[in-house]
Amino acid sequence: MVLGIDIGGTAIKSAMVDTADGTVTAQWTCPTVPAKEALLQQLSGIISSAVAKYDPSAIGIATPGVVDTTRGVVAAGAPNIEGWTNVRLAELIGNETGLPVSICNDGDAMGFGELRYGAADGFKDVVFVSVGTGIGGAVILQGKLLSGRGGRGGEIGCIPFMAGGRRCSCGASGCWEEYASTSAMVRAYREKTGLQADGRRIVELYRQGDPAAVEVFHLECEYLGRGIAGLINIFAPEVVVVGGGISESGPEFIEKVSDAAFASALTACSDGTRITAARLGNLAGVVGAAAFASDKFCETKHKE
């Protein structure tokens, strides 16, 4: 059994995972303390309690930010966690527990979870896109995570998308997530109506025929699909898995995103590619973090 932890901007999800089949045998959640030292103390408490109660063989941690997976370091932080930069997280937790610890980006963890146990199970060439406050994701080629130098790659949300566009939290302008995230759709609805509504409510209003909701929902699908088309042209995946809360809004979302993606993708690259909703929901990150640790330390055998 592996302890998986998914550090989110608002909550930390933890679970004991049987990585042979992805079964979660125990899980718990607590609010995230959004500052480095306090968060490290919080993680220490969560982990020490879990180790004493469940005796895991390894620990896998998914975190926002740019992660050097080879050294277990959060190299560049997340905007919603103060000071979460140059954190030697694997070393710190490993020294405390005496257990092997792996660190990976939260988008990579979700994609890896879907590959092992979810919508991408059985495929080897996969692009995973998580749509929420921003856009995260993972690219998996021939069954292996494409992580780049030192594990720092895969920041698909910050692909340059619109010249001279909105300022992104990463410091650049016109990033894809500033136009195709759920937050971008919420902002667009507020700018059009002066009203505040979350993504779930906008989808409800879309189904009711609210003109502003219809417009921003269509634009969300168009922008998301066009960005996915670029990823299809680069990687020619067997499947694109779309996660995040909005992916659970119904088949019309995936249909519209697919229409936009295939209208822009090269036929030679997209032939045979399918686009589907994620299957693991909120557990994708924590299960994926555990699977990542299992692959690294436990030599769990997976089907070819």
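All figures in this text were calculated on a predicted structure; none of them were measured in a lab.
Note that the CD1 atom of I246 and the CD1 atom of I254 stand 9.5 Å from one another [nearest 0.5 Å]. Annotation: the span from L43 atom CG to L92 atom CG amounts to 10.0 Å, rounded to 0.5 Å. Atom CD1 of I156 is separated from atom CZ of F235 by 9.0 Å, given to the nearest 0.5 angstrom. Note that the NZ atom of K144 and the CG atom of D295 stand 11.0 Å from one another [nearest 0.5 Å]. Atoms CD and OG1, on E114 and T276 in that order, are 9.0 Å from each other to the nearest 0.5 Å. C269 SG to I234 CD1: the interatomic distance, rounded to the nearest 0.5 Å, is 9.5 Å.
In this structure, K256 does not pair ionically with E220, as no charged nitrogen and carboxylate oxygen lie closer than 4.0 Å. Note on D68 versus R71: salt bridge recorded, some NZ/NE/NH1/NH2 to OD/OE distance being below 4.0 Å. Ion pairing between D121 and R279 fails under the 4.0 Å rule for side-chain N and carboxylate O.
For the residue pair I275 and S258, the shortest heavy atom distance occurs at CB-OG, 3.4 Å. The minimum heavy-atom distance between V24 and A15, with the atom names listed, is CG1-CB, 3.8 Å. Closest approach of G65 to E155, counting heavy atoms only: O-OE2, 3.8 Å. Heavy-atom minimum distance, A260 versus C221: CB-O, 3.7 Å. For the residue pair M185 and I202, the shortest heavy atom distance occurs at O-CD1, 3.9 Å. Counting all heavy atoms, side chain and backbone alike, P237 lies closest to L231 at CD-O, 4.4 Å.
For D271 (side chain) and T267 (main-chain N/O), no donor-acceptor pair under 3.5 Å exists by modelled atom type. A donor-acceptor distance shorter than 3.5 angstrom exists from the side chain of S48 to the backbone of G45, with no hydrogens or angles considered. Remark: side-chain polar atoms of T23 are not paired, donor with acceptor, to backbone N or O of D18 under 3.5 angstrom. Checked by atom type and distance alone, the side chain of T97 pairs as donor or acceptor with a backbone atom of L99 at under 3.5 Å. In this structure, the side chain of Q42 engages the main chain of P31 through a donor-acceptor pair within 3.5 Å. With Y189 contributing its side chain and G199 its backbone, the two residues share no donor-acceptor pair below 3.5 Å. Between the side chain of S270 and the backbone N or O of L266, at least one donor-acceptor pair lies under 3.5 Å.
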#### Entry: R166/S173 under side-chain contact (heavy atoms from CB on, under 4.5 Å): CA gap, chis, key distance, verdict
CA-CA 5 Å; R166 290 181 178 273; S173 297; over 6 Å; no
### Query
Under the side-chain contact (heavy atoms from CB on, under 4.5 Å) criterion, do I135 and I159 qualify, and how do the steps go?
CA-CA 10 Å; I135 291 180; I159 291 173; over 6 Å; no
### Message
Test side-chain contact (heavy atoms from CB on, under 4.5 Å) on V241 and V239; report intermediate values, then the result.
### Response
CA-CA 6 Å; V241 179; V239 63; 4.1 Å; yes
### Query
Could you go step by step and tell me if R200 and V203 meet the side-chain contact (heavy atoms from CB on, under 4.5 Å) rule?
CA-CA 5 Å; R200 187 181 302 275; V203 172; 5.9 Å; no
#### Entry: Residues E96, S44; criterion side-chain hydrogen bond (donor to acceptor under 3.5 Å, both in side chains); working and verdict
CA-CA 8 Å; E96 283 188 11; S44 179; 2.8 Å; yes
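Surrounding CG of N282 are at most 12 heavy atoms belonging to other residues, nucleotides or ligands under 6.0 Å away. Heavy-atom contacts from other residues, nucleotides or ligands closer than 6.0 Å to CD of E238 number more than 12.
In this view, R167 satisfies the salt bridge (Lys or Arg N to Asp or Glu O under 4.0 Å) rule with no residue, not counting sequence neighbours.
At a threshold of 4.5 Å between non-hydrogen side-chain atoms, the residues V216 and K192 count as touching. The shortest side-chain heavy-atom distance between L39 and I12 falls under the 4.5 Å cut-off. Inter-residue side-chain proximity for T85 and V87 is flagged as unmet; no heavy-atom pair is nearer than 4.5 Å. Between W84 and I7 there is a side-chain heavy-atom pair separated by less than 4.5 Å. Taking the side chain as every heavy atom from C-beta outward, L283 and Q27 approach each other to under 4.5 Å. The shortest distance between side-chain heavy atoms of P56 and V51 falls below 4.5 Å. Looking at heavy atoms from C-beta onward, D198 lies out of side-chain contact with T182 at the 4.5 angstrom threshold. In this structure, the side chains of V2 and Y54 stay at 4.5 Å or more apart for every pair of heavy atoms.
Note: the hydrophobic cluster containing V67 also contains I5 (ILVMFWY, side chain heavy atoms under 4.5 Å, direct or indirect links). Residue F128 is not grouped with residue Y117 when hydrophobic side chains (ILVMFWY) are merged at heavy-atom distances under 4.5 angstrom, including chains of intermediate members. Cluster annotation: I140 and M110 are assigned to the same hydrophobic cluster (Ile/Leu/Val/Met/Phe/Trp/Tyr, side-chain heavy-atom contacts under 4.5 Å, transitive). Tracing side-chain contacts under 4.5 Å through hydrophobic residues (I, L, V, M, F, W, Y), one never reaches V17 starting from L145; they form parts of separate clusters. Cluster membership for M1 and V286, using ILVMFWY side-chain heavy atoms within less than 4.5 angstrom, is not shared.
Between the side chains of S181 and W176, no donor-acceptor pair of N or O atoms lies under 3.5 Å.
Using cut-offs of 30° and 60° on the angle between ring planes, the pair Y179 and F161 is tilted. The aromatic rings of F217 and F253 sit tilted, their planes meeting at an angle between 30° and 60°.
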